[in-house]
Student: 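Got a structure for you, questions after.
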Amino acid sequence: MDKHNKVSFSSTHLLLAILFGILVGMLLFPPSHSRRDARSLTKLDEAMELIEHYYVEDMDRDTLTEQMIEAMLATLDPHSRYLSGDELRHETEQIQGGFEGIGVVLHYEGDTACVGQLIAGGPAEKAGLLPGDRLMMCDTVKLSGVGMSNEEVVKHLRGRHHSRAKIAVKRYGEEGLRHFTVVRDLIGTPSLSYSGMIDAQTGYIRLTRFCETSHEEFCTAVKELKREGMKRLIFDLRDNGGGLLSAAIDIADELLPGKELIVYTSGDNQRRQNVHSNRGGLFCEGELAVMINEYSASASEVVTGAIQDNDRGVVVGRRSFGKGLVQRQFDLNDGSAIWLTIARYYTPSGRCIQRPYDKGNDEYYTDFLKQMMVKNLSDSSLMQITDSTEYHTAAGRVVYGGGGIYPDKALPLRTDSLYTYYNLLFNKQVIGRYSFGIITRHYNELKKKYPTREGFLKKYQVTDHMMQEMYALGDQMGVRRNPRTIARYGEEIRQMVKGTIGESLFDMKIFYRTILDTDREVKETLAFMNKKGTAKK
């Protein structure tokens, strides 16, 4: 089971994933100077002057201006956004696939930030920091025990390329503080979380977002898997909220034969633009399955729609989010920017998979929450169709638009009551806190005993005693154990603990590799491929 499927579906989690993870078509351009309506601008200026001179409280003009921009964009569509300078820098890092920092993944214990994972070869690892170290100070700023937000901690740790950060840490079992000088560097953040062989002929690739490095990462993975004997591929786009449209097109191009339509875009102020595959890609033949779920959106849906409409492979999972709008970035003079929707994108069959937003943004996200609550999704993959128009794939199969990509093979969302306890173990950080405790106390010992990923995967065992300790911690944290859940899902919980420990010892890839063995949806996808060939001959 996928890591993120363990999280209960809170509205906050959903909205953050949707608002900040869906970034299709981020085209970078200088500020646009289109024609302006002088009368409208005069009216806005008049309103601003009235507020500044007569409002009962003092108002900051810059803050008020940003609020006015946000309010205007909110009336357009759910994905047109205003980004402050800080927000734009963060999103640019996500798009570029890297940032300037010390090279750690943070784990939070109360109001203290700790080193949860070291980026291999990064500045912090070179300086001698270890997972489990509690970050007490950065330069002259105290980080622990002062109620500093996560964002503020990150801001202090990041900085200019080759600048120096003086870090003080508290290490487990030691009385005083340890002091390190860490030289900040460019830290790459891969978008491909794992690739490997599932069996003798089936390769597996999981992509978490589409950024500038995604195409290169994908091609490297495909070449390696082909060397290992891959004849068919499971391409996992579950929980992939989108990214660069160009990256989606480049990856789709690797999966399609030449001269097939991948996607086209069109808008009232944008003429239609068709994008075709222009050559036989790295994996344009051989069986292919694309996995999606309710968090797969935007660029993920571009790739999935191209595969489905060209009958190149089978789509397995649950209905995707349904985001068919393209944004363009307009930079403003103060370092902020506007992401403005300029077009819709359409799959090769002509369908726009954008879910309706004519009733406002609140209803837009409420509809998504309702979709998440629908039970027995496998009974009909065509539930809640918002556009009854029939579109046809290259082979004449009927497909629908208007609310996401509907899978060819639908998988149910787990909604049984026993799974609630499993969700709580993850969502309440019981598994994370227990695993972090193991790393904090035994990192050097584990690293010495399991120096390689392969050795860890084959030999490391989460014992029954460890599981009882973890369940007891849950009891202490208010997550009371459920024996029936443990009996049914105990092995999956055990693998989650192992994967979380492995992630701190090595990297995120070891986590995905560990839980892959108990991922029921991957197993169902593989069984479906075994039952029915999906290659386009």
Side-chain angles (χ1 to χ4, degrees), residues 101-159 163-185 187 429-453 455-456 459-463 465-470 472-474 476-477 497-508 510-511:
I102 67 171
V104 299
V105 177
L106 297 179
H107 171 91
Y108 292 90
E109 292 282 314
D111 64 352
T112 299
C114 310
V115 178
Q117 177 191 331
L118 294 167
I119 304 299
E125 183 183 65
K126 293 177 181 177
L129 274 75
L130 296 180
D133 285 346
R134 304 171 77 86
L135 302 175
M136 308 306 291
M137 295 190 70
C138 179
D139 297 322
T140 60
V141 179
K142 190 174 182 180
L143 302 179
S144 176
V146 293
M148 186 176 291
S149 69
N150 299 355
E151 292 77 13
E152 289 176 306
V153 172
V154 171
K155 187 175 182 180
H156 286 296
L157 294 176
R158 293 187 180 183
S163 61
R164 295 177 180 271
K166 295 181 179 180
I167 307 292
V169 307
K170 180 74 171 64
R171 183 163 292 175
Y172 176 78
E174 297 182 357
E175 291 294 332
L177 299 180
R178 286 201 178 205
H179 297 270
F180 301 89
T181 298
V182 184
V183 180
R184 296 182 179 94
D185 202 350
I187 309 300
Q429 290 294 311
V430 177
I431 292 175
R433 181 169 294 184
Y434 178 76
S435 301
F436 183 72
I438 295 293
I439 288 293
T440 299
R441 297 189 299 272
H442 305 292
Y443 176 80
N444 286 325
E445 172 190 340
L446 290 170
K447 199 67 175 178
K448 183 177 180 180
K449 190 174 182 179
Y450 307 101
T452 66
R453 293 174 177 82
F456 176 84
K459 298 179 180 180
Y460 184 78
Q461 297 293 327
V462 177
T463 66
H465 176 70
M466 292 172 64
M467 293 298 291
Q468 292 304 316
E469 286 183 329
M470 193 270 294
L473 177 63
Q476 296 172 15
M477 296 174 61
V497 174
K498 178 177 178 177
T500 306
I501 293 171
E503 179 182 343
S504 289
L505 278 179
F506 299 100
D507 52 32
M508 180 63 78
I510 203 76
F511 172 84

Student: Is it the case that the side chain of Glu503 and the backbone of Gly499 share a donor-acceptor pair, with hydrogens and angles ignored and the cut-off at 3.5 Å?
Tutor: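 Such a contact is absent between Glu503 side chain and Gly499 backbone.
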Student: For Arg441, does the CZ atom have more than 12 heavy-atom neighbours from other residues, nucleotides or ligands under 6.0 Å away?
Tutor: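 Check passes, neighbour count above 12.
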Student: My understanding is that only residues two or more places apart in sequence, or in another chain, count here; which of them pass side chain to side chain contact (heavy atoms under 4.5 Å, CB included) with Lys449?
Tutor: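 For Lys449 there are no side chain to side chain contact (heavy atoms under 4.5 Å, CB included) partners, ignoring immediate neighbours.
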Student: Looking at side-chain heavy atoms only, is the closest gap between Arg453 and Asp507 below 4.5 Å?
Tutor: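 Yes, side chains in contact.
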Student: Scan for ring-ring contact (aromatic ring centres under 6.0 Å, His included) pairs involving residues 129-152, sequence neighbours excluded, and state none if there are none.
Tutor: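 Checked against ring-ring contact (aromatic ring centres under 6.0 Å, His included) - neighbours excluded - no pair reaches residues 129-152.
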Student: Mind checking the CD1-OH spacing from Ile510 to Tyr450? Nearest 0.5 Å is all I need.
Tutor: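 Going from CD1 on Ile510 over to OH on Tyr450, the span is 12.5 Å.
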Student: What ring-ring contact (aromatic ring centres under 6.0 Å, His included) pairs are there with at least one residue in residues 131-153, not counting sequence neighbours?
Tutor: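 Listed by first then second residue: nothing to list.
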Student: Decide yes or no on side chain to side chain contact (heavy atoms under 4.5 Å, CB included) for Glu109 and Thr440, but give the supporting numbers first.
Tutor: CA-CA 12 Å; Glu109 292 282 314; Thr440 299; over 6 Å; no
Student: Which donor-acceptor pairs under 3.5 Å do the side chains of residues 136-144 make with protein atoms, sequence neighbours left out?
Tutor:
residue: Asp139; atom: OD1; partner: Lys166; partner atom: N; Å: 3.0
residue: Ser144; atom: OG; partner: Thr112; partner atom: OG1; Å: 2.7

Student: Would you please test Val182 and Leu157 for side chain to side chain contact (heavy atoms under 4.5 Å, CB included) and show each step?
Tutor: CA-CA 10 Å; Val182 184; Leu157 294 176; over 6 Å; no
Student: As an exercise, state the distance from OG of Ser504 to CG of Leu130, rounded to the nearest 0.5 Å.
Tutor: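 Interatomic distance, Ser504 OG to Leu130 CG, rounded to 0.5 Å: 12.0 Å.
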Student: With side chain to side chain contact (heavy atoms under 4.5 Å, CB included) as the test, would you mind laying out the steps for Gln429 and Tyr108 before giving the verdict?
Tutor: CA-CA 10 Å; Gln429 290 294 311; Tyr108 292 90; over 6 Å; no
Student: Is there a side-chain contact between Leu505 and Pro131 (heavy atoms, below 4.5 Å)?
Tutor: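 Answer no - side chains too far apart.
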Student: If you compare all heavy atoms of Asp111 against all heavy atoms of Gly147, which two are closest, and at what distance to 0.1 Å?
Tutor: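 Minimum heavy-atom separation between Asp111 and Gly147: OD2-N, 3.9 Å.
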Student: What heavy-atom pair brings Thr500 and Phe511 nearest, and what distance separates the two atoms?
Tutor: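 Nearest pair, atom of Thr500 first, then Phe511: N-CD1, 3.7 Å.
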Student: Can you tell me how far CD1 of Ile102 sits from CZ of Phe180, rounded to the nearest 0.5 angstrom?
Tutor: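 Between atom CZ of Phe180 and atom CD1 of Ile102 there are 11.0 Å.
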Student: What pairs meet the salt bridge (charged side-chain N to carboxylate O under 4.0 Å, His left out) rule with one or both residues in residues 146-155, with sequence neighbours excluded?
Tutor: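 Listed once each, the pairs would be none.
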Student: Side-chain atoms of residues 167-176: list all donor-acceptor pairs with protein atoms under 3.5 Å, sequence neighbours left out, distances to 0.1 Å.
Tutor:
residue: Lys170; atom: NZ; partner: Glu174; partner atom: O; Å: 2.3
residue: Arg171; atom: NE; partner: Asp133; partner atom: OD1; Å: 2.8
residue: Arg171; atom: NH2; partner: Gly128; partner atom: O; Å: 3.2
residue: Arg171; atom: NH2; partner: Asp133; partner atom: OD2; Å: 2.8
residue: Glu174; atom: OE1; partner: Arg178; partner atom: NE; Å: 2.9
residue: Glu174; atom: OE2; partner: Arg178; partner atom: NE; Å: 3.3
residue: Glu174; atom: OE2; partner: Arg178; partner atom: NH2; Å: 2.8

Student: Where do Tyr460 and Leu446 come nearest, in terms of heavy atoms and distance?
Tutor: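 Closest pair (atom of Tyr460, atom of Leu446, distance): CE1-CD2, 3.8 Å.
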Student: Phe436 vs His107 aromatic rings, parallel, tilted or perpendicular, using cut-offs 30° and 60°?
Tutor: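 Phe436 and His107: parallel rings.
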Student: For Leu106, run the side-chain contact (heavy atoms from CB on, under 4.5 Å) check against Asn150, Val115, Val153 and tell me which one passes.
Tutor: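 Passing option: Val153.
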Student: Where is the tightest heavy-atom contact between Glu125 and Ala120, given as atom of each residue plus distance?
Tutor: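 Where Glu125 meets Ala120 most closely, the heavy atoms are OE1-C, 3.7 Å.
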Student: Please determine if Lys498 forms a cation-pi arrangement with Phe456, meaning its NZ or CZ atom is less than 6.0 Å from the six-membered ring centre and no more than 45° off the ring axis.
Tutor: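 Because its charged atom sits under 6.0 Å from the ring centre and within 45° of the axis, Lys498 does stack over Phe456.
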Student: Can you see which heavy atom on Leu473 is nearest to which on Val430, and at what distance?
Tutor: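 That would be CD2-O, 3.8 Å.
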Student: Could you report the tightest heavy-atom contact between Ala124 and Val104, atom names first, then the distance?
Tutor: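 Here Ala124 and Val104 meet closest at CB-CG1, 3.5 Å.
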Student: Hey, does Val105 have a side-chain heavy atom less than 4.5 Å from the side chain of Ile119?
Tutor: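 A side-chain contact under 4.5 Å exists here.
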Student: Does Phe506 reach the side chain of Thr452, with side-chain heavy atoms less than 4.5 Å apart?
Tutor: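 They are not in side-chain contact.
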Student: Could you grab the distance from atom CD of Glu469 to atom OG1 of Thr463, nearest 0.5 Å is fine?
Tutor: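 Going from CD on Glu469 over to OG1 on Thr463, the span is 7.0 Å.
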